[in-house]
Amino acid sequence: MSMKNIKAGVITFPGSNCDRDIQFILERFFHIPTKILWHHNTFNENEYDLLVLPGGFSYGDYLRCGAIARFSKAMQSLFDHVKKDKPVIGICNGFQILCEAKLLPGALIRNINLLHLAKDVPLIKGNAEFFKDLNSVYHIPVSHSEGNYRVDEETLKELIDEQRIAFYYKENPNGSIHNIAGVLSKNKKILGMMPHPERATDPINGKTDGYIILKAILDHLL
Amino acid sequence: MYEVKVYITQKESVLDPQGQAVLHALHEMNYPQVKNVRIGKYIQLWIDKDENIEKTVKEICDKLLVNDVIEVYKYEIIPIKE
């Protein structure tokens, strides 16, 4: 992994609460200088090699999670970044925003049992070839009410055939179709996932499986 | 001025966890005749005079109010006398 001269940007929306977590982790553990970008400003799409949409909430998540965030100014710059085939990671609310923005297929609806889930879940690799060495079960925190991933049968088949499933839950916590925990865009440069690897990277949090997951993601994207 | 009523429901193919919970509650309350419950949204808009009101409403629904992956909608446009 060559992280030299790589710069990352994390977009903060009103309600984001994992923005500084992922910034800290990218800087401390992956040595990637990471800037926090305010949702209300556009930015130069040439500036960042990687953009992250963090977990938390955005604009109260009124209407549907991520539905309003998608229209923010910073997202318009993100669309320009994406047009250049540059990578984006969306975690939790970030994944919801990417789906609402149609940068990833599908939608995230209420968990099947209607409960907010806040616990570690066992995560395993999906069918994307670049995650083939992730052979263990990784314990990664989730914290969401709307993590129940939905796509139609046709799109599901596409995701399977094109090896665009990033991660599966080993035990399905929220009703997601096909146990899907994370997916990739067609060009495989945009990754969305509900679990929070950034919350399980620093040993001070008592768990470090997230480091392995984030390293695999960054190795692929950068 | 128009009052626009937008009715948003989940696609039939999409599972509705809230509807299922309410269905179970109704069964517990001894209404076994209730066979299904689906929960949607009702949104009202008040829109100024607009020559393309129909087009505007469709655009608003498609762009923001409705996610076509999981939802369908219908609307009523009611002219209001000023």
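In what follows, chains are A, B, ... by sequence order, proteins preceding strands, each numbered from 1.
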So which atom in B:Leu64 and which in A:Arg64 form the shortest heavy-atom distance, rounded to 0.1 Å?
O-NH2, 2.9 Å
Would you say A:Glu154 has more than 12 foreign heavy atoms packed within less than 6.0 Å of its CD?
no
For B:Lys41, which atoms come within 4.5 Å of any heavy atom of chain A: side chain, backbone, both, or neither?
side chain
CZ/B:Arg38: more than 12 non-hydrogen atoms of other groups inside 6.0 Å
yes
Evaluate the side-chain contact (heavy atoms from CB on, under 4.5 Å) criterion for residues A:Leu63 and B:Leu65: first the C-alpha distance (whole Å), next the side-chain angles of each, then the deciding distance (0.1 Å), finally the verdict.
CA-CA 7 Å; A:Leu63 207 55; B:Leu65 300 186; 4.1 Å; yes
B:Glu71 versus chain A, heavy atoms under 4.5 Å apart: side chain, backbone, both or neither?
side chain
Counting only heavy atoms not in B:Glu28, do more than 12 fall under 6.0 Å of its CD?
no
If you count heavy-atom pairs under 4.5 Å between each of B:Val66, B:Asp16, B:Ile8 and chain A, which one has the most?
B:Val66
If you count every heavy atom of other residues, nucleotides or ligands that lies below 6.0 Å from B:Tyr31 atom OH, does the total exceed 12?
no
Heavy atom to heavy atom, less than 4.5 Å: which residues from residues 75-102 of chain A reach chain B?
A:Glu100, A:Lys102
Would you mind checking which part of B:Ile70 comes under 4.5 Å of any heavy atom in chain A, side chain (CB onward), backbone (N, CA, C, O), both or neither?
side chain
Can you name the residues of residues 103-126 of chain A that have some heavy atom under 4.5 Å away from a heavy atom in chain B?
A:Gly106, A:Ala107, A:Ile109, A:Arg110, A:Asn111, A:Ile112, A:Leu114
For B:Glu12, I'd like to know if atom CD has over 12 heavy atoms of other residues, nucleotides or ligands within 6.0 Å.
no
For atom OH of B:Tyr75, decide whether the heavy atoms of other residues, nucleotides or ligands shown that lie under 6.0 angstrom number more than 12.
yes
For B:Lys63 and A:Arg70, work out which heavy atoms get closest and say how close.
O-NH1, 3.1 Å
The reported gap from CD in B:Gln10 to CZ in A:Arg150 (rounded to nearest 0.5 angstrom) is 10.0 Å
